[in-house]
Amino acid sequence: MDFKPFTESLQRDLKETHINTSNKIKRANRAIRLCHALLTVFKKKISNGGFASVEKEIDFFKNVKTIPSSQLIYYNHIRLFELQFPKGNIDVQRKFIKKRLNRINDFYLQHIDFGEYVELGHTHFDEQYFTRKYLDSLPLVSTSIYFHDPEFNTPKDLLLAEFRAFNLFVSFLKNRLIDKSKSFQENQMEFNNHIKLQWTSTKVALTELIYALHYNKILNNGNADIKEIAMAMQKIFHFDLGDFYK
């Protein structure tokens, strides 16, 4: 059967959901339901009809089923991310995002051989990876089971869906990380533009403060040099020290 109309309809529905649903968790929930519904339809079609050839079976599990299953995995991660995202300060949020990125890197390293197979467009193991008859000889490989049925899975189709989902999720996380960095930079600019602290004592007094901060090793774990501290203090207090070493 022709699966293309089903996947195209899903992609239109996901796009419409993204446009019309501003709440990220509601958007993810809606997308998850859409993907799960299509996978249910596919499962019924496969159970009733089967495939005319090995090539058709490979194409379905490698190129068709992975469209809804990768989106299902992606939006599951989006939903979990938004539910767990810390409401604290920006540093805590950035650490949270970087931790998620590190987990994905661990996933890529764990499956580096299969990742190379996918990235290079190899096909020589497609029959073993993307047909159901090899499930007994090759274990079902996946970090999580999102939609599992022995008659509806091959040894690697879910793993391929995870690769595609994580590629999307990495882009999502990087954009969130950039947003947080921008927010920090914008806050710094706002601070510099609106907070006017003017040093009104002597150059000697400010220089002594700079040397005190340096010798007590309280900035950058003691690794900040005198010049770095001096430049920062001059900027904060809108004050020109001149030759502060002298």
Side-chain angles (χ1 to χ4, degrees), residues 10-11 13-36 66-120 141-146 158-195 218-225 228-229 231-233 235-236:
L10 173 67
Q11 290 166 336
D13 289 342
L14 290 175
K15 184 177 181 180
E16 182 180 340
T17 299
H18 186 82
I19 293 172
N20 296 331
T21 309
S22 58
N23 183 281
K24 296 182 179 65
I25 296 175
K26 289 182 179 179
R27 183 192 303 163
N29 285 335
R30 169 67 176 161
I32 289 167
R33 287 193 294 270
L34 289 169
C35 295
H36 205 282
T66 49
I67 294 174
S69 56
S70 63
Q71 291 293 321
L72 175 64
I73 296 167
Y74 170 64
Y75 279 105
N76 264 295
H77 281 284
I78 293 288
R79 178 181 179 275
L80 188 61
F81 174 88
E82 296 296 346
L83 287 171
Q84 296 179 343
F85 192 63
K87 305 299 188 290
N89 61 44
I90 292 175
D91 287 337
V92 173
Q93 292 174 342
R94 282 204 297 263
K95 288 179 182 178
F96 181 84
I97 296 170
K98 289 178 180 178
K99 188 175 181 179
R100 287 292 189 278
L101 286 168
N102 288 336
R103 288 182 185 176
I104 296 174
N105 286 333
D106 290 341
F107 167 84
Y108 287 141
L109 289 173
Q110 182 182 357
H111 302 288
I112 191 169
D113 292 335
F114 183 71
E116 182 183 23
Y117 183 88
V118 172
E119 290 297 322
L120 295 180
V141 178
S142 174
T143 57
S144 300
I145 301 300
Y146 297 92
L158 194 54
L159 185 61
L160 177 59
E162 284 186 293
F163 265 88
R164 293 176 177 173
F166 283 140
N167 287 340
L168 295 173
F169 194 47
V170 164
S171 296
F172 169 84
L173 292 174
K174 286 182 177 179
N175 287 333
R176 289 296 289 266
L177 195 59
I178 291 171
D179 289 342
K180 291 303 167 187
S181 297
K182 284 183 178 178
S183 297
F184 176 76
Q185 293 167 2
E186 288 166 359
N187 288 337
Q188 288 296 101
M189 290 178 63
E190 184 178 352
F191 175 84
N192 292 333
N193 291 333
H194 294 91
I195 305 300
I218 59 176
L219 298 173
N220 294 348
N221 295 315
N223 295 317
D225 61 32
E228 288 178 314
I229 301 171
M231 296 296 290
M233 298 295 277
K235 185 175 182 180
I236 292 171

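- Listed by first then second residue, pairs satisfying side-chain hydrogen bond (donor to acceptor under 3.5 Å, both in side chains) with a partner in residues 165-174 read Tyr108-Asn167, not counting sequence neighbours.
- To the nearest 0.5 Å, atoms CG (Asp225) and CG (Leu219) are separated by 11.0 Å.
- Taking CG from Asp13 and CD from Gln71, the interatomic distance works out to 12.0 Å, rounded to the nearest 0.5 Å.
- Using the six-membered ring where Trp is involved, Phe169 and His77 have ring planes that are tilted, between 30° and 60° apart.
- Heavy atoms only, all atoms of each residue included: Leu159 and Phe114 are closest at CD2-CD2, 3.6 Å.
- The two residues Ala31 and Leu14 have their closest heavy-atom pair at CB-CD2, 3.5 Å.
- With contacts defined as side-chain heavy-atom distances shorter than 4.5 Å, the pair Phe81/Arg176 qualifies.
- Annotation: the span from Arg79 atom CZ to Ile32 atom CD1 amounts to 6.0 Å, rounded to 0.5 Å.
- For Lys26 and Glu82, the salt-bridge test fails: no basic side-chain N is under 4.0 Å from an acidic carboxylate O.
- Remark: Leu72 CG to Thr66 OG1 distance equals 12.5 Å, nearest 0.5 Å.
- Between the side chain of Gln93 and the backbone N or O of Pro86, at least one donor-acceptor pair lies under 3.5 Å.
- Contact between Ile25 and Asn23 at its shortest, heavy atoms only, is N-OD1, 3.0 Å.
- Here the closest heavy-atom approach between residue Ser22 and residue Arg27 is recorded as O-NH2, 3.4 Å.
- A distance of 6.0 Å or more separates the ring centres of Phe166 and Tyr74.
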Can you give me every donor-acceptor pair (side chain of residues 97-106, partner residue at least two apart or in another chain, under 3.5 Å) with its distance?
residue	atom	partner	partner atom	Å
Arg100	NH2	Gln84	OE1	2.3
Asn102	ND2	Lys98	O	3.3
Asn105	ND2	Leu101	O	3.4

- Dump the intermediate steps for side chain to side chain contact (heavy atoms under 4.5 Å, CB included) on Val170 and Leu173, then the final yes or no. CA-CA 5 Å; Val170 164; Leu173 292 174; 5.6 Å; no
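- Under the 30°/60° scheme for interplanar angles, the aromatic rings of Phe163 and His111 are found to stand perpendicular.
- For Thr21 and Arg30, the side-chain atoms include no donor-acceptor pair closer than 3.5 Å.
- Atom OG of residue Ser69 and atom CG of residue Leu160 lie 8.0 Å apart, to the nearest 0.5 angstrom.
- For the atom pair CD1 of Ile73 and CG of Leu168, the computed distance is 10.5 Å after rounding to the nearest 0.5 Å.
- Listed here is the closest heavy atom pair of Ser70 and Ala165: O-CB, 3.2 Å.
- Here the side chain of Glu116 pairs no donor or acceptor atom with the backbone of Asp113 at under 3.5 angstrom.
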